[in-house]
Participant: 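For reference, the structure I am asking about is given below.
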Number of protein chains: 2
Amino acid sequence: MEQMSRNLAFQLKKIRQQRSLSLDDVAKATGVSKAQLAQIEKGESNPTVSTIWKIAAGLRISFSSLLQPPTAHFMKFSSKDAPHVDEDEGRYRVYSIIPYDPERGWEFYKIEMEPGAFSRSEAHTEGVEETVTVIQGQAVISAGEMHEQLVEGDTLVFSGHQLHEYKNTSEELTILHLILQYK
Amino acid sequence: MEQMSRNLAFQLKKIRQQRSLSLDDVAKATGVSKAQLAQIEKGESNPTVSTIWKIAAGLRISFSSLLQPPTAHFMKFSSKDAPHVDEDEGRYRVYSIIPYDPERGWEFYKIEMEPGAFSRSEAHTEGVEETVTVIQGQAVISAGEMHEQLVEGDTLVFSGHQLHEYKNTSEELTILHLILQYK
DNA sequence: CAGATATGTCTATTAAAGTATACATATGTC
DNA sequence: GACATATGTATACTTTAATAGACATATCTG
């Protein structure tokens, strides 16, 4: 993703300017060429881990401080553009609103279920937590041996490392919001 | 540093095998070619951030879980091989025992001071903490307006973002251990 | 103003990251 | 045993990260 490169560009430039260092200074401190540093700061390059390592080590900072997004950001994700996947012959639709980002650690979905629609998920890898909120309609959610009937406004949290099922038991379209939190 | 590549190789292989995925599975989940994944796992490649990003995102893990060294490791740093820098005409010698590593966040030095030897350090960047232990001999350490006389066994902790000085006030060789902790 | 030093940009070259695909070796399954 | 599928390895090729060094602008000093 070139979102990465942008974060990196921003953070590197910020740190360099906070310390009032020139590109030459940083090149000398890190062993990375001036030209390359300039490109990274402009977000025009996709550096290798060893280059990142040299920069972090030379400046005595952590990786995360280089890779983190700017503290104040402002970012729109449009439901329209969200890629979606269908199940149950198109009667169960999953929209990826906020895709997983390693710096964030979770992802966000909207789910639409036609009346009677059904979905079964295999157990995810250890350490996944699901948080489901019913926006509209009703749903029955099962995980392992547990079952729960949810209506509009209800939220359920459960661990996703077990077989689980979603079902729309009502006669109307049911809409859910789902957060998947990893480890 | 190709220490990075080794950590990455180890962690990726570990995660892949824990989840019993094939290289093809991971290639499909991440969008990174099988050949490249194989090379990364063998530590023969130095991937770009976007490749790391694709792997982390596809596997739903954080960067640090990919970059961290194996939990159980065992690593020798020899004082003999340590690069050293001289000051005060060779009478003040600094040995870098453990160089800075972005995952660790601190570095470790040994300092040898001949009788009367002296060193002055400009203020480091904000957030540096120095921890000095006298192994042998005596030293006077000043930071800003503060001064302290240390003898064998004494340890002093102070923030390094101010002008500070080390001086051997004794008639014998003084040896210090110094830890620099960043942010 | 002339000369010197510092700072970022641009260009040409090299080295290597990344892909696609074919190959070899297992591991079943009938 | 023969066929099919799955899994990791090796090869050829394209793209691009990274370097070194030249160039263009500042900024300062005598």
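Computation of the quantities below employed the complete heavy-atom set of this structure, encompassing side-chain atoms and omitting hydrogens, waters and symmetry-equivalent molecules. Throughout, protein chains are lettered first and strands after them, A, B, ... in sequence-line order, and every chain is numbered starting at 1.
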Participant: What pairs of donor and acceptor atoms, side-chain ones from residues 136-145 of chain B against any protein atom, are under 3.5 angstrom apart with sequence neighbours left out?
Facilitator:
{"residue": "B/Gln136", "atom": "NE2", "partner": "B/Leu173", "partner atom": "O", "Å": "3.0"}
{"residue": "B/Gln138", "atom": "OE1", "partner": "B/Gln149", "partner atom": "NE2", "Å": "2.8"}
{"residue": "B/Ser142", "atom": "OG", "partner": "B/His147", "partner atom": "ND1", "Å": "3.0"}

Participant: Side chain to side chain donor-acceptor pair (under 3.5 Å) with A/Thr131: which residues, sequence neighbours excluded?
Facilitator: none
Participant: Passes side chain to side chain donor-acceptor pair (under 3.5 Å), A/Tyr166 versus A/Glu130? Steps please.
Facilitator: CA-CA 12 Å; A/Tyr166 289 63; A/Glu130 308 208 7; 2.7 Å; yes
Participant: To the nearest angstrom, how far is B/Gln17 atom CD from D/dG8 atom C1'?
Facilitator: 12 Å
Participant: I'd like the 5' and 3' limits of the part of DNA chain C contacted by chain A, with heavy-atom contacts below 4.0 Å.
Facilitator: C/dT7 to C/dC10
Participant: Taking for each residue the nucleotide of DNA chain C with the nearest heavy atom, is it B/Ile52 or A/Ser22 whose nucleotide lies nearer the 5' end?
Facilitator: A/Ser22
Participant: In whole angstroms, how far is the C1' atom of D/dT16 from the CD atom of A/Glu44?
Facilitator: 13 Å
Participant: Using residues 69-85 of chain A as the side-chain source, report each donor-acceptor pair under 3.5 Å to any protein atom, sequence neighbours left out, with the distance given to one decimal.
Facilitator:
{"residue": "A/His73", "atom": "ND1", "partner": "A/Pro70", "partner atom": "O", "Å": "3.0"}

Participant: List the residues meeting side chain to side chain donor-acceptor pair (under 3.5 Å) with A/Gln181, not counting sequence neighbours, and say none if there are none.
Facilitator: none
Participant: Give DNA chain D the dot-bracket treatment, 5' to 3': Watson-Crick (N1-N3 with N6-O4 or O6-N4) or G-U (N1-O2, O6-N3) under 3.5 Å, [ ] crossing, | other strand.
Facilitator: ||||||||||||||||||||||||||||||
Participant: Quick one: salt bridge (charged side-chain N to carboxylate O under 4.0 Å, His left out) partners of A/Asp24, sequence neighbours excluded?
Facilitator: A/Lys34
Participant: Side chain to side chain donor-acceptor pair (under 3.5 Å) with B/Asp86: which residues, sequence neighbours excluded?
Facilitator: none
Participant: Check salt bridge (charged side-chain N to carboxylate O under 4.0 Å, His left out) between A/Arg16 and all other residues, then give those that pass, not counting sequence neighbours.
Facilitator: A/Glu41
Participant: Using OP1 and OP2 only, check whether a side-chain N or O of A/Thr51 sits under 4.0 Å from D/dA17.
Facilitator: no
Participant: Quick one: list whatever passes salt bridge (charged side-chain N to carboxylate O under 4.0 Å, His left out) with A/Glu165, sequence neighbours left out.
Facilitator: A/Arg120
Participant: Could you pull out every donor-acceptor pair under 3.5 Å between side chains of residues 57-64 of chain A and any protein atom, sequence neighbours left out?
Facilitator:
{"residue": "A/Arg60", "atom": "NE", "partner": "A/Ala57", "partner atom": "O", "Å": "2.9"}
{"residue": "A/Arg60", "atom": "NH1", "partner": "B/Glu107", "partner atom": "OE1", "Å": "2.9"}
{"residue": "A/Arg60", "atom": "NH1", "partner": "B/Glu107", "partner atom": "OE2", "Å": "2.8"}
{"residue": "A/Ser62", "atom": "OG", "partner": "A/Ser64", "partner atom": "OG", "Å": "3.2"}
{"residue": "A/Ser62", "atom": "OG", "partner": "A/Ser65", "partner atom": "N", "Å": "3.3"}
{"residue": "A/Ser62", "atom": "OG", "partner": "A/Ser65", "partner atom": "OG", "Å": "3.3"}

Participant: Can you sort out which residues in residues 23-40 of chain A have a heavy atom within less than 4.0 Å of DNA chain D? Ascending by number, please.
Facilitator: A/Gly31, A/Val32, A/Ser33, A/Ala35, A/Gln36
